[in-house]
Structure formats: structure tokens, C-alpha cells
Amino acid sequence: MVEEIGTTDEGDLIINIGPQHPATHGVLHLVITLNGETVRKVEPHLGYIHRSIEKMCESLSYRQFIYSTSRMDYLSSHINNHCCAMTVEKGLQLEVPERAAVIRILMDELTRIASHVLWWGAMAMDIGAFTPFFHAFREREMINDIMEETCGARLTMNYMVPGGVQFDLHPNFHRRVKAFVKQLRNKLPEYDELVTHNAIFKSRTKGVGILSKEDAISYGCSGPTARASGVDCDIRKTYPYEGYEKLQFEQAMSTDGDTYSRYLVRMVEMRQSLSIIEQLIDNIPEGDFQAKTKAVLKLPKGEFYSRVETARGEFGVYIVSEGGTTPYRIKFRSPGFSNLSALDHTVRGQKIGDLVAIMGSFDLVIPDIDR
Amino acid sequence: MMEPGLDHLLFIGTALFFIGIYGFLTRRNLITMLMSLELVLNSVCLNFIAFNKYLWPDRLDGLFFTVFIIAIAAAEAAVAIAIIIHLFWNHKSIDVHAAEELKN
Amino acid sequence: MMNGETIVFYLLAALTLVSALMAVTSRQIFRAAICLLLSLLGIAGIYFWLRYEFVAAVQIVVYAGGIAVLIIFSVFLTQRSGEDLPRQSRARMLSAAVAALTGLGLVMLQVLRHRFSGTTNPAIDNGVSAIGRRMLGVGEDGYALPFEVVSMLLLAAMIGCIVIAMRSKTKSS
Amino acid sequence: MGPASMIVLIMAAVTFSVIAILVSRTVLKATWNPQKGEPYECGIPTRGQTWIQFNVGYYLFALIFLIFDVELIFLYPWAVAVQQVGWIALVEIVIFFFILFIGFLYAHKKGALKWV
Amino acid sequence: MWSFSKLTDLIHAWLYETFSPAWALALEMVMVGVAAIGLFAMLGLVLVIMERKVSAYMQIRLGPNRVGPKGMLQSLADTLKLLVKEGMTPNGVDRVLFNLAPLVAMIAAMLLLAPIAFAKDFQIWDLNIGVLYITAISSLNVIAILMAGWSSNNKYSLLGAMRSGAQIVSYELSAGLSILTIVVLSGSLQISDIVTSQSNGWWIFKGHIPAIIAFVIFLIAATAETNRAPFDMAEAESELTGGFHTEYSGMKFALFFLAEYINVFVVCAVGATLFLGGWMPLHIGSLDWFNHAMDYIPSSIWFFGKTFFLIFVMMWFRWTFPRLRIDQLLTLEWKYLLPIGMVNILLVTVIAILKWHF
Amino acid sequence: MSAETQPAKFPGLVQETAGGGILSGPLEDVINWARSNSLWPLTFATSCCGIEMMSTAGARYDFSRFGFEVARATPRQADLIIIAGTIVNKMAPVLKRLYDQMADPKYVIAMGACAISGGPFFYNTYSVVKGADHVIPVDVYVAGCPPRPEALLHALITLQEKIKSGGKRERIEIDGSTLK
Amino acid sequence: MTNEEIIAALTERKPELVSETGGEWPNFMVAAAEWPGFAAMLRESEDLWFDYLFCLTCVDWKTHLTMVYHLSSTRYRHNIVVKATLDRSAPEIGTVCNIWRTAEFHEREVFEMFGVHFSDHPDLRNLILPDDWVGYPLRKDYDDPVNMIKM
Amino acid sequence: MFLKDYFNDIAQAVGSLLSGMRRTGYYFTHHKEIITEQYPDNRATLVLPERFRGEVVMPHNGQNEHRCTGCTACELACPNGTIKIVTKFELNAEGKRKKAVDAFVYHLELCTMCNLCIQACPTDAIKMAQSFEHSVYDRSQLTKILNKPESKLQEGVE
Ligand code: SF4
Ligand code: SF4
Ligand code: SF4
């Protein structure tokens, strides 16, 4: 590659942010052209955590490949696994028992909350407030406990299997989830006190990094990032799956498209996830938690695509099957990848401090982008 | 070595003055020339204070002059730097040649 | 005998002059700025030594806190501070040095020949409150008028700066 | 103690720092490798020079600051003498501030106090 | 009552009895120097552990608790470690300035200790322009930071240094203005005078509203001048990794760290002296028994108590607020603090001339 | 966890690491005590394990109790890299550079399967480094995917033990030619 | 629109289009040369309004490559899959990143992973892989004896 | 009104900041909110959920017998080749040659704790243990052989 010299124009400074940088939440590498404090251009360089999962999955069986997706977007590992399981089920034309579907949704929503809570702390940290990060982990740890009890792991649960879930719910599940819902409902006003209403936070985020609706669509943004710009793209509403159509919730939307509205959308989403959990927790149907499947799964020849709404946006799995036990080609459509492509457009002309805030509000998870 | 007195201070003042002059003559860069000028101004301040201290200790005028000179030096530096930056924006250079161009 | 005060004075003088020399000769512009600052601090030290604390503090506040920062900023703005300044022609440097040295010699000659005569009146208080009273005095030896004039000057300087700088800013963008 | 304390404190600071810095030199056999000497930029070799000419957006603030800084030093003797001088001091300072305030308003109006 | 002044006088007398004057002076100087270093190091250690504990409790965790009793030796371990950690000088830096910068920061911080009145009659140098001296010396910090930032040959450092240059310089104005408020009231720049002028009440109580406004402005400006959150633009970790000290390691970095904490201490001490009466005990009107009881608490405890209270407040800020953006920071100064400060000065002048303060 | 054997498959010399050696006796003990109790980690996380590292830093597990609190963003001031996550070929030179740029003495913990051996990405991947110790020497390995926070704390304590006992770290000189 | 309506609407406009059935969404094959124009039509037509490109990838069929574009409409909520067959030795197709800007990154990814050349792409460089990478890792015949340990 | 807005801004900002400070101040003074668990000190009382997956172990009974038949189902199920089963043939009581496990090699450093092997095992020979203190100085110590030396297949397990 041609190494450009340090300056492109008089007074422009090229500066690397990342791969090892606290603001990039991982190993994203941004090459930033600065003019004074103003960002002229941001050029993302990816691949610092490209683990060739797509290639690897071509040699894994349909049971095995699911686990590798929880390492992509590790903050919504459940939801990723869910999507994979759904795709395989689509191929096998397998009905998931009702109980399993409800458990899946419950877990999805818990994961979403855990992800948003962590994001909330990280976003506050990006803007320079450290305390919210620690408070966020208090709630996140409660979810982790629930997960650990039922699924056996804190982060990469590997709970979904084609046809249902691995284990039945732990007997403590109800109690714990209820306690958690109560706790988070109590703490959310505190979150607002610490961050949402904070004058400094508002002035840092309001009117900063505006992404218009057209741009959001054109850049393929999804999830809260796009919804903050007014795109109604919540897959749970627009292409409901697994019984989301039966639930009552609203798409969290905003029309401003700035950093603050991206923030608010996620805060609203947390509350909605709570209400989804509340709707379901007392109505878990009895029955099997797993459909009967063969030991070795074979998908018919064809192409299968399913999409879900992860904490970051639309996640899709595209399986091309040749009829064997392993996928012929597998493609993960990751929300972060498309969202990231809008970063340059959003950041241009903002200050370098805003860059960090905007990136925080995009909620990028780098392994999800690099795969 | 002698006990320092007026002469010593005057020597420092004068030396500073001429160091400043030297810098002013040899430098071609407006900022460095401005820096030399600051030295010259300071030598003047030093002399005022020295005279005040050793010749007219019953008055404060030397002190006042110094303070005012410092104030004026600051204002001068501010304006000079504004001009330098202005020149720089227009000519992309702050060499004195660029300034000479301005005259034409 | 050399006492402590004398040593301190000579140290300060050396600091002032040496760093002033470096300030005008260094080809690294940033270093030149730092040396200039050191020289100015040396002068402030001399003021301290002379027990003119107020002037010394003013010197530090204005020069270290203000002018130096401003100069450094403008260096960043207008220079590639990593590069050395272009070398001057030897002849020019030589002639300047000769001129400066001659000047210095002549002036010093005059200074040493001249017998200064000051008052023998006892020294008066040069503390801040005395300065303040004088400064606000409206009488014969008060400095009230200059005090106000300074504010006019500052106003003028500020407006000048803004006019010049803003114009260049709009032009550049 | 008088002004000598400045000397003492400077000496103390210097000795302390120098000794502190030298301790690790004597105790530690440090390793060296070529990459250690390079500037740190998030683990990526830096591109281009650092000491380039650079758009300092804040220079205007520094300019205006300098003016106000000078104003401030005149206020110190004034503040000390206020109570002794009385009303005249107030009048003078009101004039002084008034003039400066014009400049301030002018700067504000011109947008000099807004970010680039 | 036990007091520092007696102790120092005793030592002074003893020295001059035992040694010839020149030696006595030299010895005295050495003792002051050593005492200053000791104070300096102590303050550094205490402030670091305090900061960690405060942050830990605000963040619902425990903080260091395994090194020494209750973790109190944590900062000692850190210091020792830094002492034996390599303090390297990368290639390509300007070696002279790079190594000089922490020294300048240290000198500035150390010089700031001179006029602080730590207790009744316990002051290193009670010079007649006390507060102006502090303002002046603390502006040297900018230079240290700019030197460090430029000489590091690192873009983060340079950006960080320029930011903090602009920031410190701007906030010096409001800090100066709020200091002046008290100077107007007390009519002196000398620290001892200012403290004595508060013997019948602290300025924050008897200075009416202007003193309170000035106090708030001072706190904000002090936080900004010491580069602490929410004004930590210089080392804004999530933007510029380490800011101006990105390239510094080992003890060179520790010196900056130490200098920063001493600066925090000094500005808080100044705040305590100006607004909260320095070492003056709390007196309430004519409540004699109360006043007597208060008098029994040693003056140094009063002073350190107040100072540490202010330090705590600054830590409280730090662990609560997000960081401002550099332009907002300057807007805050120029649009809010400076005009308010100027109006406040006029107000206080009226009060002072009318002798409305008690 | 007793014998410190050198992994056989890595070529190269065994070197004593910096920081050992010149002083002996109680002073050395004191220094080792200080070092072991003040390990400032570099904020280095590449993937999932990084989240567990954050949990460990978080309020529930709080590794600041041991004095690891001051996470530094710059390697110059850090004592410890916790390699939390997968290292891929593109990242390896960066990791090497970060390690090289740290001031001595420096320590490394490989956290999680990926950092130890490539873990889940050991087979059939074209871009994953099969173990961070191919790139930089590692002091302590902690297995798990991800290791739970207690496990990381255990690793930190293990590292402390090693430093306290004056454990001279073996340093594996790696053939630099394979890396760019 | 339902799948059938989409098929009808499109075959009306371009009768030569091959549509595949089966699968959830209508599937169309276009010739690589026609693709950018067709894409613009999909994006601009008021009744189709496929403004959201949510997945862009490529499949290596050992004999040829197939580009796969998944489109949907945020207005009508209908989806479509468009495919284009490319020659394996010198795959080339026009870029659509001026139509859907998200395509820029996706195409760069496909470029490095499959070696598909996107003509008129503004910045066709490696995005994920290192700049000096050789080979197209997601092709079926890719082999890397050094890094890839086969199970 | 300009001035009114100006002061309104200030008042609102200060109000919001104060409410934030009240929150942190509350936590500073209420130490019962602290949730820190002190790991090495609570080691004795630390109970992990029974489903937690720390590592794969092979339980042996009192007679040093395990239930693994060496069928390699787990090896096949494992997505990342963590398990290597070395089999041998031994004569059973009836003198028939029978496949048996010689070494159940388990690479803890590769394992992702995904539970697939456990589910695949037809005889429940392996299970997940809750141990987590896996830190070692040397990575080769992480490769384990799960069947104990001299251990045998439990009677009646097919
Ligand atoms: S070891 Fe597991 S959890 Fe850790 S980085 Fe690797 S895949 Fe992620
Ligand atoms: S838990 Fe998963 S990775 Fe570990 S041995 Fe079993 S199947 Fe393999
Ligand atoms: S552990 Fe179970 S699955 Fe694995 S070889 Fe033994 S019996 Fe077979």
C-alpha cells in the first residue's frame, strides 16, 4: 500500500486511533485526518480480529458451527446463536416447541439488556465518566448469574441447539429474573440521573454526529443506530420471528439521528426488553425444551436466510447447502459492518472528542465486524 | 567577583538588548524576530527596575514603567502574532520575504 | 567574600544571558521559544532578587503564562517545528554579531564612564498596596490615567487581533 | 524563611527528581529493542512526521487570553488598594471594565469566542 | 497549646547556638528542603490512595485492600515499583526537553508550596504577594506540559499538550478573578494577612453572595487548571490515550503524576485559605464555649481538614461527571465564568467599600 | 504449577528478563513485593475475553483490590499485558510492538483459549495465531473460554506469586524473521 | 408486494429475467453486465423501492462465482434476492456502491475474499486482510499450509 | 430574554450536575451497596452453579473405573478438536478383543466449554466440572489425560 506522507493538506494531521485504543472497544483501527481538532476523514481499517469464521464454518457440522457465532458478537451471543439455529431449523423444516421458543425470546431479551447495559457504561466511559461503567456491571452481573445458572456460562453460553435449547430452565430462573427486573427498573432512573440528564453529557451528544434517515438506509444501518434516524427497522416488528408478533412492544424510534437520540433509543429499548420479559416470565408454556432431532443433521440442497434483531441491529445468516452435513458456504450479515461504514460520513466535520462519542453511540463490537 | 550593583544590572540589560538586536538582524523568520524583540523590551524593563532600585529607591515610577511596558509588550505580541498568522494564511510562509511582498 | 546572594545573582545573570543567546541562535524554533522563556524567567528571578516581587510575578504571569504559550501555538501553526530553521549566511551572522558587539562595547563604555547620581532618600515601600494606591491615585503622581489608557490599549489590541485573525480565518475556510 | 526558600525548594525538587530517575538506572538492567524507541501510536507505526505544521484552533483564545491576562495583573494592585482608596477605585474599575467589556462583546459578536 | 512555630523556633535557636551562622543557615536550608520533599512525597502517597478509595466507594467496590492494612500501603507499592521501573527515553524525541519537562513540572509544584500556611505561624515564605506568586508559578505548569507534549514526538502528546495549554491558560483568568474577590475583601495579597482577616469568620460566610459565587468559580477553575476530570482534556484517555505523557514511563511519568497531585493539593489549599479561613478554626459569632472548643483543635488539623475536604470535592467531580469537549470547555470559560467573574468583582467592590462584610 | 519448564517446541535462547538480578537479599524482596502489588495492566482486549476482563475490573470482582487498578492506555506506563482474546496474523505485529514498547519489567498473561493456543479457531482458519506465545513470551496461561473473572484473578495471583518468589522469567527469543 | 407480484412486476419490465422459485424470497439471475442498471431500476422504481441492501456476498461454486445480493424495501417490506454469475478466472461486475453506499465495504470484502473485481469502485483495496495478502481465502481451493491446520 | 435564558441554562445545568453528585455521594456514604466479592478470601465459600462449565472431567468410581468405551463420539462432536482418543484393544473376560480407551487426551487450552462432547457421549462418561483455577506457568500443563492411570471400564457399560 502506498504510505501517504503525514500531511495531505497544509495543517492536516494523520493520526492512528487503534488497534489498541480504549475508545475503539476492541481492535478497530481508524486512520483519522485531522485539521486542528476537526476530523476531516476517518478511514476504518479492519481485520485485526478477523478470525475467518466463515471459512471455518464450512468445515463444521450444523450442530458445531453455532458455537462459533457466539464469539462474533459476543455481547449478543444468544441472539446470534438463535439466528443460526433458526436457519438450520428452516432448512430442516423443524418446529420448535413452544416452550423452547419462549425460553429463547427470554434469553434474547436478557442478552439484549446485558448488552445495552454494558454499552451504557462503556458509552459513559467514552465520554469520560467512569462511575457509570461500574454501576452498569452491577446489573450485568445479575444477568450473568442468571445465564450461568441456566446455560452454564457467563458470556458464550452456547445454549441454543437446532430444535430448541440445550437445557431446561433452572428452577431459580423465575425468581432471579423477577429480582433482576425489579432491580433494573429501580436503577434505570439512577442511570438517567448519572448520565441521561447530565448537562455535560447532553451537550456532548446533542446535535452531534447526525445521520439522516436516507443515509442510514443507504449505508445499510440497522438496529438502534438506524432507528435513531427514524428508520423503522426492528426485525422483531418488521419480520417477526419465534413469536415476537404475539408480544406487545413498540419500536424505539427517534428522528433526530444524533448521538443523543441513539443513546435514548437504547435506553428505551432496555425498558421495552424489560416489559417483554415481564410479559413472558409468568407465561412460559410447559412442554419440551427441545425438539427431537437426528444426531447428524443434514440440510437439503438450497439456500436459507434468516434474520434477527441483535442488540446492535440486523443479524443475518445465509447458508448455502449442498445437502451435506456441513454448510457449503455460510455468510454472516453482521450489523456492525454496515453500521461502521456510516461512521466516516457521520464523523466528518466533528471534533475528535465527538468521534469517540459517536463511535460509542454506534455500539460497535469489532469481532462482529471482522468475523 | 564583586558585589552586584547597578553596573552589573546595566550590563545584563545592555547585553540582552544587543542579543535581541543580533537575533533581530540574523533571523529571517517573523516569529523568531518577534522573540528577539521581546528580549529587547525586557532589557528595557530591566534597566528601569535597576535605575529605580539603585538610583531612586524613593519612587515607584520605574516599577510602573516596567509594568506598563510588560502590558504593552503583551498587547504588541498579541497583535504581532495575529498579523503573523494572517500573513501565514495568505502566503503560506512567514519568512520576512513574504512580508516584503506585502509592501508591493 | 562571596555570599549566597551574590552567587544567586550571578547564576541568574548567567541563566538569563546564556538562554537569551541560545534563543537567538538555536535553529530549532521550539527550543528557541523555550530558551526565550527561560531567559525571561531569569529576568523574573533578578526582579525577585532585587525584591521587586510584584514585577517579578507580573513578568512570570504575562510571559510564561501568556506570551510563551501564544508563541508556541503560533510556532505549531506556522512552522514544521520538526525541521531546523534555514541556516543564515555566515556573512550576515558575522556582520550582525560585529554590530551587536560594537554596540554593546560602546554602550558599556558610556555606562561605566558615567557616574550615576541618584537620591539618597530612604527607599519606600514597593509592596502591592503602595503600588495599588499610586496606581489609583488621581493626583500629581498618580497613575490613574495610564491605568485607564491601558484598558483602551488593550481594547484596541483585542479588536485589532480579532479583526486580523477573523479575517484570515474566514479566508482560509 | 525568605526568598532563599525558593532556592531551597528548587534544589529539593531537582535532587529529588534526579535521584528518583537515577534509581531505576542503577537497579534495572533494561532491555532494548528497536521498536521500543519508536513513538507509540496504538501499536501501529506512525505515519508521517509529528512535528509538522498544525492547525491550532485555539490560538484565537490564546490571543484574547493574553489581553485579559494583562488586565488581570492590573487588577491585583487595584484589589489590594480598593478599601483604602474607596469610591474612586470603584469608578476607575467600572470604566476599566466597561472598556474591556466592549472588547469582550465585540469578540463575542464577531464570533471569536466560538469554536472554529 | 502545641504549635509548629514553637518547634521551628526551637530548632532555629538550637542550630544557631550549636553551629556557626553560615553552617546553621546551610543546615536549616537542608532541613527545609528535606522537610519539603517529605511533605511532597507524603502528600502524593496520601492523595493517591485517597483518590482510589473515593473512586472505589463511589463505584460500589472496595478499592485496594490487600496491600498492607486496608490497602493503605498500595500507593507505597506503586511508588516503589515506579522507582525501579525503566524510565526510558524513546528515540526521536528531543532528549533535552523530554527529560527537562518532568523536572520543570516538579520545580513548579515544589515552588508552589512556599507561601502556603500549613498551620499557625508555619509557613515557608510569607511573601507579600502570596496569592499572586501562586498564580504566577502555577502558570509554569503550562510550559512543562507543552515541553513534554512537543518533545515526545508523538501526535497524541502534541494534541494533548496543546489542549491543556489552551485550557489552563483560559481558566487562569477565572481563577484569578475569584481570587481577586477575596483580595478585595481582605485588602492584601499576603497569605498570612488573608488568614488573619478571617479570624472572626471565614470569607465564604461573611463575604455574602459574591464570595460564594467566587468560591464556586474558583472550584471549577481549579479543577480545570489541574487538568482533572471533567476537564481532563490533556490526557483524555478515551481520545488521546495518555495525552502529553503518553511517551513517559517509570519515574519520569511518576513525577508528572506527583506534580499533578501536588498541584491539586496546592489549589485546594489556596481555596481553603482564601475562602475557608486557612488554619483558622470555625467560630460562630459569640458562642464562646463552642469557639473555645474549636480552638483546641490544632491549627494544622483545621488547615488539612479543609484542604482535604476541597480535594474530596474535586474527586467527587471527577468520579461523577463526563468530560467536556475542548470547545465546550472554552465556551464555559468565556461565556459563563469570565463575565460572571467580572460582574462579581464589581459587586464585591461595592460590598467592600460599603463595609457590608463583617 | 511448580516447575517452570520451557515449552519445548519453541526455538531460541532462554534469557533472563530485565528487572532481576543486581540487588540481592531483602532489598530485592521489597522490590519484588512492590512490583507484584502494583501491576498496572495495559488496556488491551481484542475480543470476547476482554469482556470478562472488564467484568473483573468491574465492581463485582474488582481487581483494583490487588493494586491492578490503574489501567494504562499507553504501554509505556503499563507493567502487564493481559492478552484477552484472539490474536490474528494482522494483529500479531501490533501485539509484538506493544510488548516491545513497554518499559521493563513487563509481564504477560494469556487469557483464554484463544490467547493460549488459538482455541476455537485452531483448526481450519487461515488467519489466527496459534497461541500468543508465538509472538511474545507469556508468563501465565489461564484456560477457559472465556475464563471466569475469578479465574483471571487466580491468574493474577499466580503471577504475583511468581514475581514475589523472584521468579526469573524465561524469555523466549523468537525468531523475528517470521514477523513483520 | 407479495413475492408473486414482485416476480410479475419484474418480468413485465424485463421479460428475459430468469427467476428461481423455492426459497423464501423471489430469486433473480441477471447478467453481470446488466447488473448496475438493473440495480438502479430496483432502487428507483416507485413500486419496488428496494432501498436497503442488507446482504451482499459471493459464493464460489468451483466452476464459477455467484454474486448474491439481498435487497429489501423499508417502505413496502418486501425482499428480493438477485444473483449474477461471474467467470471464475477474471470475475468482474459493476459496483453498486453509488446506489447503496453500504455496498462499498461489502464489495471490498468480496474483493479480497473472492477476488471479484468491481469496476468503478472508488476505493477497491483490502479491507480486512493485510495489504500484502496473497490469495482469496473464501474460494474453495484456497489453501494455506502455514496457517491453516486441517482437522 | 437573553439574560433569562442565560441564567436558566446555568440553573438547569447546575441542577443536573448536582443530582448526579447526589447519586455518587449516596454510594460513597452507603457502603452496604458495595457488591465486591473478594475472590481469594471467599474461596472456601464460593459455590458455582452446578451447570457452570469449567472443564471436562471423567469421573472415576472407587474402583478406579470410568464409563468411557472409547467410541470417539465426543471426539467427533467437538468442534475444535479438543479431544483425542487413543484406543487400544484389550481382551475382555470372554477373550474377545475389544476396543477400549487408552488415553483420553483433553486439551484444556483449546476447549471452548461448549458442552457438545458431553451431550454426544452415549455413556455419560464425561461431564463438566466447576473448577476454574486453571492458571499455569507453562502451557503444556494444560494438556490433560482424563482417564486415570490403570483405570478400567466400568462393568456393564456398553
Ligand atoms: S478464548 Fe473464547 S472467549 Fe476468549 S477470546 Fe477466544 S473465543 Fe473468545
Ligand atoms: S466442551 Fe466443547 S470444545 Fe470442549 S471438549 Fe467438549 S466439545 Fe470440545
Ligand atoms: S467419553 Fe463417551 S463419547 Fe467419548 S469416547 Fe468415551 S464413551 Fe465415547
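Small disclaimer: the values here were computed from a predicted structure and weren't measured.
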(request) Would you mind checking which part of G:Arg75 comes under 4.5 Å of any heavy atom in chain A, side chain (CB onward), backbone (N, CA, C, O), both or neither? (result) neither

(request) Go through the atoms of A:Tyr318 and report whether side chain, backbone, both or neither lie under 4.5 Å from a heavy atom of chain G. (result) side chain

(message) Any salt bridge linking A:Glu322 with A:Arg329? Criterion: basic side-chain nitrogen under 4.0 Å from a carboxylate oxygen.
(response) no

(message) For the residue pair G:Lys140 and A:Tyr328, would you count it as a cation-pi contact if the rule is NZ or CZ under 6.0 angstrom from the ring centre and within 45 degrees of the ring axis?
(response) yes

(request) For the residue pair G:Tyr76 and G:His78, categorise the inter-ring angle as parallel (less than 30°), tilted (30 to 60°) or perpendicular (more than 60°). (result) tilted

(request) Would you confirm whether the ring centroid of G:His106 sits within less than 6.0 angstrom of the ring centroid of A:Phe337? (result) yes

(request) With A:Arg307 as the cation and G:Phe54 as the aromatic partner, state whether NZ or CZ is under 6.0 Å from the six-membered ring centre and within 45° of the axis. (result) yes

(request) Heavy-atom pairs under 4.5 Å with chain G are the metric here; pick the option from A:Lys55, A:Glu54, A:His50 that has the most. (result) A:Lys55

(request) Tell me, out of G:Cys58, G:Pro130, G:Cys97, G:Ala103, who's got the most heavy-atom pairs with chain A below 4.5 Å. (result) G:Cys58

(request) Measure A:Lys331 against the heavy atoms of chain G and call it side chain, backbone, both or neither at under 4.5 Å. (result) side chain

(request) Identify which part of G:Val68 has an atom lying under 4.5 Å from any heavy atom of chain A, answering side chain, backbone, both or neither. (result) side chain

(request) Please state whether the side chain, the backbone, both or neither of G:Leu127 comes within less than 4.5 Å of a heavy atom of chain A. (result) both

(message) Between A:Pro44 and chain G, with a heavy-atom cut-off of 4.5 Å, which part of the residue counts as in contact: side chain, backbone, both or neither?
(response) both

(message) With a 4.5 angstrom heavy-atom cut-off, is it the side chain or the backbone of A:Asn339 that approaches chain G, or both, or neither?
(response) neither

(request) With a 4.5 angstrom heavy-atom cut-off, could you sort out which part of A:Ser52 is near chain G: side chain, backbone, both or neither? (result) neither

(request) Could you tell me whether A:Glu303 and A:Lys90 make a salt bridge, using a distance below 4.0 angstrom between a side-chain N and a carboxylate O? (result) no

(message) Let's test your reading of the structure: which of A:Val231, A:Asp232, A:Ile369 forms the most heavy-atom pairs below 4.5 Å with chain G?
(response) A:Asp232

(request) For each of G:Asp123, G:Leu53, G:Asp60, G:Asn126, tally heavy-atom pairs with chain A at distances under 4.5 Å, and name the one with the top tally. (result) G:Asp60

(message) Quick check for you: among A:Gly302, A:Cys221, A:Cys233, which has the greatest number of heavy-atom pairs under 4.5 Å with chain G?
(response) A:Cys221

(message) Would the distance check show the side chain of A:Ser222 and the main-chain N or O of A:Glu314 forming a donor-acceptor pair, the cut-off being under 3.5 Å?
(response) yes

(message) Can you tell me which of G:Asn79, G:Thr74, G:Leu129 forms the most heavy-atom pairs within a distance under 4.5 Å of chain A?
(response) G:Asn79

(request) State yes or no: are the ring centers of G:Tyr69 and G:Trp100 separated by less than 6.0 Å? (result) no

(request) Give a yes or no on whether the ring-centroid distance for G:Phe111 and G:His121 is below 6.0 angstrom. (result) no

(message) Can you confirm whether the side chains of A:His345 and A:Asp215 place a donor and an acceptor under 3.5 Å from each other?
(response) yes

(request) Tell me, for A:Glu214 versus chain G, whether the close heavy atoms (under 4.5 Å) come from the side chain, the backbone, both or neither. (result) neither

